[in-house]
Amino acid sequence: MNIAVFSTKPYDKSYLDAFNKNYGHQLTYFESSLKKKSTKLTKGYDAVCIFVNDQIDEATLADLAENEVKLIALRCAGFNNVDLKAAKKHNIKVVRVPSYSPEAVAEHALALIMTLNRKTHKAYNRVRESNFSLNNLTGFNIFGKEVGVIGTGQIGAAFCRIMLGLGCRVSAFDIHESEELKSLGVQYKTLDMLYAQSDIISLHCPLNSKTSHLINKESLEKFKPGAMLINTSRGGLVDTTAIIEALKSHHLGYLGIDVYEQEENLFFEDLSERILQDERILRLLSFPNVLITSHQAFLTREALDQIADTVLSNISAFEANKPLVNEIS
């Protein structure tokens, strides 16, 4: 098939090209994101391959249909950026990568926790300047702490196992409770109980109408004072304005995020020579107890292998008129 790949970075091209040797598709790469303004680039293509910040709304889908695009292949698990009802209306199939090395994201959540806690990023910068002082680098033992996990799908489950291995008490909330995790010692609780009792809370749930701004002013007030919040899932799960207020009041002790609700115009780009216009990200960056990474939790060799192979396999299945096991309906 003839495929237009949007929001392309060098690692996308490298891994897709390597795996495409087994599939034989025609791949054309665009650095720009796919949205209404860029749909003219899709003319002549059978399918488009997109990522988390491409905006596939009703207007974009209407143009794709007019250009005879038949398939949208996401190279990610989340699909909140695609209007599925409009896709169905225009008879455009949507497939995704439901699982790609869940350990990659779970391990990055741990990296955020350990870095925030033991301040290794600050120690690294100090030592490079010949400052070997230990002042203000005090952390706490992770062992024995209560860790609350919201969402126990494959990534959340991997994170639970990691934290159990560190000797933590792990509690969780999910509409579907895992018997396997229960057998390992995970205790499912109500959200209010999880908020009140957890020293660390990590988000691993999808973004939808029910989870949008799950972490807000009201839920933050229920947090244990000084708790740590980690988000490696979707930026829209967190109300950034409420988070800033909780940090200012010292009620929230630490924040580690790999996603941000307004990341579309920031993440994946080198903006080092520009003046950032996003006041909220600038405010977050000013806090000493906040750590931000730019949506890199998925970025491991193993995950990129699985993403590339699954994306191309999804496209080949569509081309061969085979069942789409990863279709979103």
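Note that the numbering runs from 1 along the sequence shown for the chain.
Using a 4.0 Å cut-off between charged side-chain N and carboxylate O, Glu279 and Arg283 make no salt bridge. Ion pairing between Lys224 and Glu146 fails under the 4.0 Å rule for side-chain N and carboxylate O. Lys36 and Glu58 are not joined by a salt bridge, as no carboxylate oxygen comes within less than 4.0 angstrom of a charged side-chain nitrogen. Between Glu269 and Arg274, none of the side-chain N atoms (NZ, or NE/NH1/NH2) sits under 4.0 Å from a carboxylate O, so this pair counts as no salt bridge.
Val82 and Leu41 end up in the same hydrophobic cluster when Ile, Leu, Val, Met, Phe, Trp and Tyr side chains are linked at under 4.5 Å. Cluster membership check: Leu312 shares its hydrophobic cluster with Leu304, using side-chain heavy-atom separations under 4.5 Å among Ile, Leu, Val, Met, Phe, Trp and Tyr. Ile230 and Leu252 are not part of a single hydrophobic cluster, where members link through side-chain heavy atoms under 4.5 Å apart. In the hydrophobic clustering of ILVMFWY residues, with side-chain heavy atoms under 4.5 Å counting as a link, Leu229 and Leu112 come out apart. Hydrophobic clustering keeps Tyr29 apart from Ile72 (ILVMFWY residues linked when any side-chain heavy atoms are closer than 4.5 Å, directly or through intermediates).
Under a 3.5 Å cut-off, the side chain of Asp199 and the backbone N or O of Ala227 do not form any donor-acceptor pair. Judged purely by atom type and a 3.5 angstrom limit, Arg96 uses its side chain to pair as donor or acceptor with the backbone of Ala77. In this structure a side-chain-to-backbone donor-acceptor pair under 3.5 Å is missing from Asn326 to Val97. In this structure, the side chain of Asn117 does not engage the main chain of Gly139 through any donor-acceptor pair within 3.5 Å. Lys222 contributes no side-chain N or O that, together with a main-chain N or O of Glu218, makes up a donor-acceptor pair within less than 3.5 Å. A donor-acceptor pair under 3.5 Å is absent between the side-chain atoms of Asn80 and the main chain of Leu207, judged by distance alone. In this structure, the side chain of Thr211 engages the main chain of Asn208 through a donor-acceptor pair within 3.5 Å. Of the possible polar contacts, one joining the Asp54 side chain to the Leu34 backbone as a donor-acceptor pair under 3.5 Å is found. Without hydrogens or angle criteria, Asp63 side chain to Thr39 main chain gives no donor-acceptor distance under 3.5 Å. Under a 3.5 Å cut-off, the side chain of Asn67 and the backbone N or O of Val69 do not form any donor-acceptor pair.
Heavy atoms of other residues, nucleotides or ligands lying less than 6.0 angstrom from NZ of Lys93 number 12 at most. Within a 6.0 Å radius of CD in Glu302, other residues, nucleotides and ligands contribute more than 12 heavy atoms. Shown here is Lys217, whose NZ atom has no more than 12 heavy atoms of other residues, nucleotides or ligands within 6.0 Å. Counting non-hydrogen atoms of other residues, nucleotides and ligands closer than 6.0 Å to CD of Glu68 gives a total of 12 or fewer. Other residues, nucleotides and ligands contribute at most 12 non-hydrogen atoms within 6.0 Å of the OH atom of Tyr124. In the displayed structure, Arg301 atom CZ is contacted under 6.0 Å by at most 12 heavy atoms of other residues, nucleotides or ligands. In this structure, Asn91 places its CG atom where only 12 or fewer heavy-atom neighbours from other residues, nucleotides or ligands lie under 6.0 Å away. Counted within 6.0 Å of CG on Asn321, heavy atoms from surrounding residues, nucleotides or ligands total 12 or fewer; the atom is thus considered open.
Using a 4.5 Å heavy-atom threshold, the side chains of Asn81 and Leu74 count as touching. Contact annotation: the side chain of Ile315 never approaches that of Asp46 to less than 4.5 Å [non-hydrogen atoms, C-beta and beyond]. Under the 4.5 Å side-chain criterion, counting only non-hydrogen atoms from C-beta, Leu285 is not in contact with Phe287. Between His204 and Thr232 the shortest side-chain heavy-atom distance falls below 4.5 Å. Looking at heavy atoms from C-beta onward, Tyr188 lies in side-chain contact with Leu181 at the 4.5 angstrom threshold. Using a 4.5 Å heavy-atom cutoff, the side chains of Ile243 and Leu284 are in contact. The shortest distance between side-chain heavy atoms of Lys210 and Cys205 does not fall below 4.5 Å. With a 4.5 Å cut-off on side-chain heavy atoms, Lys122 and Pro288 count as touching.
The distance from atom CZ of Phe159 to atom NE2 of His108, rounded to the nearest 0.5 Å, is 12.0 Å. Note that CZ of Phe19 and OG of Ser14 are 10.0 Å apart. Values are rounded to the nearest 0.5 Å. Note that OG1 of Thr42 is 9.5 Å distant from CD of Glu66, once rounded to the nearest 0.5 Å. Here OG of Ser233 is found 10.5 Å from CD1 of Ile150. Values are rounded to the nearest 0.5 Å. Distance check, rounded to the nearest 0.5 Å: CG of Asp278 to CD of Glu261 gives 9.0 Å. Atom CZ of residue Phe267 and atom OG1 of residue Thr293 lie 7.0 Å apart, to the nearest 0.5 angstrom.
No hydrogens or angles considered: nothing links the side chains of Asn231 and Tyr260 as a donor-acceptor pair under 3.5 Å. Residues Ser316 and His25 have side chains that bring a donor and an acceptor to within less than 3.5 angstrom of each other. Residues Gln306 and Ser101 bring no donor and acceptor atom of their side chains to less than 3.5 Å of each other. Checked by atom type, the side-chain pair Tyr100/Thr310 shows no donor-acceptor distance below 3.5 Å. Side-chain contact of Ser272 with Asp270: a donor-acceptor pair under 3.5 Å is present, judged by distance alone.
For the residue pair Cys76 and Gly78, the shortest heavy atom distance occurs at SG-O, 3.4 Å. Contact between Leu137 and Ala123 at its shortest, heavy atoms only, is CD1-CB, 4.1 Å. The minimum heavy-atom distance between Ala73 and Val311, with the atom names listed, is CB-CG1, 4.4 Å. Smallest separation of non-hydrogen atoms from Lys189 and Phe173: O-CD1, 3.4 Å. Looking at every heavy atom in both residues, Leu61 comes nearest to Asp83 through CD1-O, 3.3 Å. Ile92 and Ala65 get closest at one heavy-atom pair: CD1-N, 3.9 Å.
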Practice prompt. Under the side chain to side chain contact (heavy atoms under 4.5 Å, CB included) rule, what do Val105 and Asp258 come out as? Steps first, then yes or no, please.
Written response: CA-CA 10 Å; Val105 180; Asp258 185 55; over 6 Å; no
Worksheet item: Between Asn53 and Ser33, is a side-chain hydrogen bond (donor to acceptor under 3.5 Å, both in side chains) present by the stated rule, with each step listed?
Response: CA-CA 7 Å; Asn53 290 326; Ser33 60; over 6 Å; no
Worksheet entry | Test side-chain hydrogen bond (donor to acceptor under 3.5 Å, both in side chains) applied to Thr60 and Gln55, step by step | CA-CA 8 Å; Thr60 302; Gln55 295 302 315; over 6 Å; no
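Under the 30°/60° scheme for interplanar angles, the aromatic rings of Phe6 and Phe30 are found to lie parallel.
Checked against the 6.0 Å centroid threshold, Phe298 and Phe51 count as a close aromatic pair. Aromatic ring centroids of Phe223 and His251 lie 6.0 Å or more apart.
Paired with Leu203 under the rule side-chain contact (heavy atoms from CB on, under 4.5 Å), one option of Val149, Leu237, Ile257, Val259 passes, and it is Leu237.
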